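Worksheet: one structure, shown below.
When reading the values below, keep in mind they use all heavy atoms of this one structure, side chains included, and skip hydrogens, waters and symmetry mates. Quantities reported herein were computed from a predicted structural model and do not represent experimental measurements.
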Amino acid sequence: MNDALQRIKACINSLARRARLPRIETSAWIRIAAAVGMVVWGWIIFGATGHDDPHITYWAAYTLSDWGEIINHSGERVEQSSSLTHTTLLALGRRLTGAEVPTLGHYMTLGAAVLTLLRLGALVEPDQAPRASIAAVALASAPLVVYWSLGGLEGPIYAWLGVELMIALRAWRRSEPRFPPRRVVQFSLVALAFVAARPEAPILLICTMLGLLGACALGSREQLPRLLVATAIVVVAAALITWWRWQYFGRLFPQPVAAKMGGGVTTAALLGGWRYFVSFTGRVETAVLGLGLAMSLTSLRRLIREGELETLMALAMSVGGICFAILVGGDWMVGSRFLAQIAPWMAVLMMRCVPFEAMRTSLRAGLAVGLILLNGASGVDFAARSAKSMPFWMRPKVEALSHAARGDLEYTFSERTNVNHARDTFMIDDLDTLVGEIARREGRVKILSLQAGMVMYHIARRHFGQVEFYDRAGLVDRHYEEIGKKYGIEHNTLGLKMSQADFFRIAKAESDEVREELFRPHIIFDLYPAAEAAARRNGYVTVYVQEGRISARADPDPRCLLEPDELSPDATAQERQQHAISTDMTRRRYRPLPAYWTAGRNIYEFIALREDIAIELGYLVEAPKPKRKKGAKKGTPPPMKYVPGPRERVRLDLAKLWKQIRPVPSPAEPCEQGLDTDGENDGESGDESHEGTR
């Protein structure tokens with residue numbers, strides 16, 4: 001094996017000499033290969049990941065690039081993004097390229113992950129190159145790291161800036177004289193970008209620098225003057241960002257922090273955070289990356305004595321990131337986002353503390369192959385069971401089905417190849433039409449929802465100045481902050497825990513003036529059957545419902561996804577405006593495997609109009625209250641037959657469209673019933689979670 005590796009190395013260097021390229025070490029080629037492999041593997045198994053939240057930042061970046069200020073969907077100065085750095089980079093990218101912000105967001109986070117892999121080599125000595133190679137392979141193949149590298153959120157940028165901060169501190173520590181202007185400026189710029197990258201970053205970095213000062217005082221004091229200046233730079237950077245937030249937004253922290261941490265640190269949050277941490281540590285890639293954390297803790301005394309400041313910084317930031325995730329109760333999204341973003345710092349610890357160069361080359365190669373295989377199996381399992389993305393073989397079918405539902409709204413690759421975003425594309429066009437019609441009558445349209453991301457991004461771009469958005473979770477506006485405190489509404493990882501039932505209960509208790517201002521939206525759109533039922537009971541008419549699944553189930557029959565009476569002549573699928581999507585991830589000849597690929601995702605979305613608006617627009621519903629079906633679970637609204645009004649449009653004949661894509665299975669074949677739960681909830685464990693009844 002050694003001879004083969006030497007021949008490959010000689011061949012690559014020979015090609016580089018002929019092309020007049022600088023000579024690249026074997027370790028650098030391995031890191032480049034790991035980065036390319038991460039991109040290819042992520043594109044195949046995931047595509048575009050994440051949830052609704054990236055579009056919250058995308059809107060802030062869009063307003064900054066096009067209008068020169070950061071405002072929310074209603075035009076107010078509210079910092080709805082958690083990352084000023086991410087917002088600024090996206091806005092700058094749009095100004096330079098003119099590209100759509102969702103496209104930039106998808107590729108910018110992926111680029112940050114690639115840069116992190118490539119920059120690992122700057123933290124090791126030339127004779128320790130194998131350490132960087134193994135760390136890069138472990139990081140590039142870690143499923144959760146790959147998943148969030150394609151998610152469009154700020155985590156990969158935050159992780160990359162942390163690595164750059166360690167590199168800048170290392171360069172400054174080794175430079176002469178003590179305060180070279182170039183190194184001081186480099187450290188200052190990276191520190192400023194880092195403290196603006198996440199809400200917890202200023203506190204985390206200040207605590208890290210104070211810890212380094214303490215370690216330097218206990219060990220070698222030679223670096224103490226540099227550390228004192230570096231700590232002062234960090235404090236000034238944090239103060240500047242905090243002062244600017246206060247001047248511009250009137251808040252010390254972004255709005256999502258106020259919404260999620262309004263109740264402070266509670267026992268329930270600590271227990272949830274501990275479960276969050278334990279679930280993360282049980283994965284294969286965590287055990288590998290945690291090796292560096294364990295080794296650094298066991299050799300802490302040596303690190304302090306030898307003054308390895310960048311290693312101590314990686315250790316302090318990793319431990320601080322874990323403590324933050326536990327204190328805030330974790331995160332509701334799949335994939336342990338808060339812990340996945342500190343994985344590169346744990347890889348730095350593994351690279352600095354585990355002596356891989358002492359192993360034989362064949363053993364290191366076997367270790368790398370083993371890591372790839374173990375993480376690959378873990379990634380396949382995660383993609384099949386939990387991920388919100390689509391493997392590449394699933395995307396064409398979903399795009400073909402969803403294409404018929406698009407009006408003149410165009411969506412980017414990251415929006416078409418994500419399960420949640422594909423779900424939303426069906427509804428946005430109808431909502432866009434309704435907002436336009438109501439705006440012509442009312443002037444300004446009030447919209448209430450728990451979804452503040454993709455749907456409102458596109459609606460606000462079309463109708464900015466005509467819409468006023470009311471976020472029940474309080475992540476992007478401040479409408480319900482005081483109301484929540486008054487009525488004791490709790491806070492959790494989703495934000496303000498105000499269900500539709502709570503919303504209407506508070507509306508009845510408030511004065512007419514407050515009710516008209518805050519509790520009489522023209523439109524309600526949301527995700528859950530219980531939310532639809534609550535709206536119907538309080539003077540709203542449902543004018544749009546989509547229900548079904550985006551499924552990885554093999555050989556689906558779309559007729560299984562509609563109730564029998566919905567296919568009868570009296571109540572067709574079109575009249576109900578029912579949209580069910582289903583695709584398969586396996587071919588018919590792979591019969592033993594389909595049971596593994598069962599990652600179905602529920603689709604349940606609705607649009608409800610205030611009754612007077614619905615009558616004015618011609619949306620009517622039958623007067624008799626329908627009976628609940630036998631066996632239906634509590635919280636699931638009874639089926640309703642909609643009488644088409646003069647403005648109602650036929651949306652999609654799923655069965656006919658499906659036949660154009662693939663033959664429908666014959667009636668003789670068994671028809672698998674059932675809907676999988678989506679895993680998302682409305683902040684309540686009871687009536688707001690959607691359990692399928694089919």
Side-chain angles (χ1 to χ4, degrees), residues 52-84 87 90-91 101-102 245 247-251 253-260 262 409 424 427-428 431-484 489 494-496 498 500 503 506-507 510 513-526 607-610 613:
D52 203 39
D53 289 42
H55 282 79
I56 296 177
T57 299
Y58 295 165
W59 174 255
Y62 172 76
T63 61
L64 179 60
S65 66
D66 286 37
W67 302 330
E69 56 180 338
I70 300 175
I71 51 180
N72 67 3
H73 306 103
S74 303
E76 302 164 337
R77 281 193 174 183
V78 176
E79 189 183 4
Q80 63 183 45
S81 171
S82 296
S83 176
L84 276 175
T87 300
L90 287 171
V101 180
R245 279 194 170 114
Q247 293 295 316
Y248 194 86
F249 299 110
R251 294 292 175 92
F253 294 98
Q255 184 62 25
V257 176
K260 296 181 180 182
L409 292 172
D424 292 336
M427 187 180 67
I428 290 175
L431 186 60
D432 174 62
T433 302
L434 285 172
V435 169
E437 293 191 16
I438 297 173
R440 284 193 289 271
R441 291 169 168 78
E442 303 289 331
R444 193 168 177 87
V445 185
K446 294 181 180 180
I447 304 175
L448 174 76
S449 182
L450 192 69
Q451 295 173 266
M454 177 177 168
V455 175
M456 280 311 302
Y457 175 84
H458 288 282
I459 294 300
R461 282 197 62 172
R462 283 295 193 88
H463 303 280
F464 184 75
Q466 296 178 324
V467 294
E468 187 170 0
F469 182 61
Y470 291 77
D471 181 13
R472 282 200 289 118
L475 298 180
V476 302
D477 62 44
R478 301 167 186 166
H479 288 120
Y480 301 117
E481 275 188 347
E482 297 302 322
I483 292 289
I489 302 296
L494 279 167
L496 192 64
M498 182 167 61
Q500 287 282 14
F503 176 85
I506 296 172
E510 282 294 331
E513 182 180 353
V514 174
R515 188 183 306 120
E516 189 63 32
E517 180 185 357
L518 297 178
F519 295 95
R520 288 269 292 166
H522 300 92
I523 298 175
I524 295 175
F525 73 90
D526 223 321
I607 303 173
L609 299 180
R610 215 169 59 204
I613 297 292

Considering non-hydrogen atoms only, spot the tightest contact between Asp471 and Ala452 and give its length. OD2-CB, 4.2 Å

Please check: side-chain N/O of Arg462 versus main-chain N/O of His458, any donor-acceptor pairing under 3.5 Å? no

Is any side-chain heavy atom of Phe519 closer than 4.5 Å to a side-chain heavy atom of Tyr470? no

I'd like to know if the side chain of Asn72 reaches the main chain of Asp477, judged simply by a donor and an acceptor atom lying under 3.5 Å from each other, with no hydrogens or angles considered. no

So which atom in Val78 and which in Val476 form the shortest heavy-atom distance, rounded to 0.1 Å? CG1-O, 3.7 Å

Nearest-0.5 Å distance, NE2 of residue His73 to OG1 of residue Thr63: 9.0 Å

Nearest-0.5 Å distance, CZ of residue Phe464 to CD1 of residue Ile459: 14.5 Å

Answer yes or no: does atom CD of Gln247 have more than 12 heavy-atom neighbours from other residues, nucleotides or ligands under 6.0 Å? yes

Are side-chain heavy atoms of Leu609 and Ile523 found at a separation under 4.5 Å? yes

Main-chain N/O of Ile56 paired with Gln80 side-chain donor or acceptor, under 3.5 Å: yes

Using a 3.5 Å distance criterion without hydrogens, assess whether the side chain of Thr57 forms a donor-acceptor pair with backbone atoms of Thr87. no

For the CG atom of Leu475 and the CG atom of Leu494, what is their distance to the nearest 0.5 Å? 8.0 Å

Might you point out which heavy atoms bring Ala258 and Arg251 nearest each other, and give the distance in Å? CB-NH1, 4.1 Å

With Arg461, which residues qualify under side-chain contact (heavy atoms from CB on, under 4.5 Å), at least two apart? Trp59, Tyr62, Arg94, Glu100, Tyr457

Does the side-chain contact (heavy atoms from CB on, under 4.5 Å) test come out yes or no for Glu79 and Leu84, once each step is laid out? CA-CA 9 Å; Glu79 189 183 4; Leu84 276 175; 3.3 Å; yes

Option from Asp526, Asp424, Asp52 for which side chain to side chain donor-acceptor pair (under 3.5 Å) with Gln451 holds: Asp424

Roughly how far, to the nearest 0.5 Å, is CZ of Arg472 from CE of Met498? 7.0 Å

Main chain of Arg478, side chain of Gln255: is a donor-acceptor contact present, judged purely on distance under 3.5 Å? no

Any ion pair linking Arg520 and Glu442 (charged N to carboxylate O, less than 4.0 Å)? no

Can you name the closest pair of heavy atoms from Ser65 and Ala91 and give their distance? CB-O, 3.5 Å

Indicate yes or no: at least one non-hydrogen side-chain atom of Gln500 is less than 4.5 angstrom from one of Leu448. yes

Of the non-hydrogen atoms in Gly474 and Ala259, which two are nearest, and what is the gap between them? O-CB, 3.4 Å

Measuring from Leu431:CG to Ile607:CD1, what's the distance to the nearest 0.5 Å? 4.5 Å

Taking the six-membered ring of Phe253 as reference, does the NZ or CZ atom of Arg245 fall below 6.0 Å from its centre and within a 45° cone about the axis? no

Quick one: side-chain hydrogen bond (donor to acceptor under 3.5 Å, both in side chains) partners of Gln466, sequence neighbours excluded? His463

When rounded to the nearest 0.5 Å, the distance separating NE2 of His479 from NZ of Lys446 is 8.5 Å

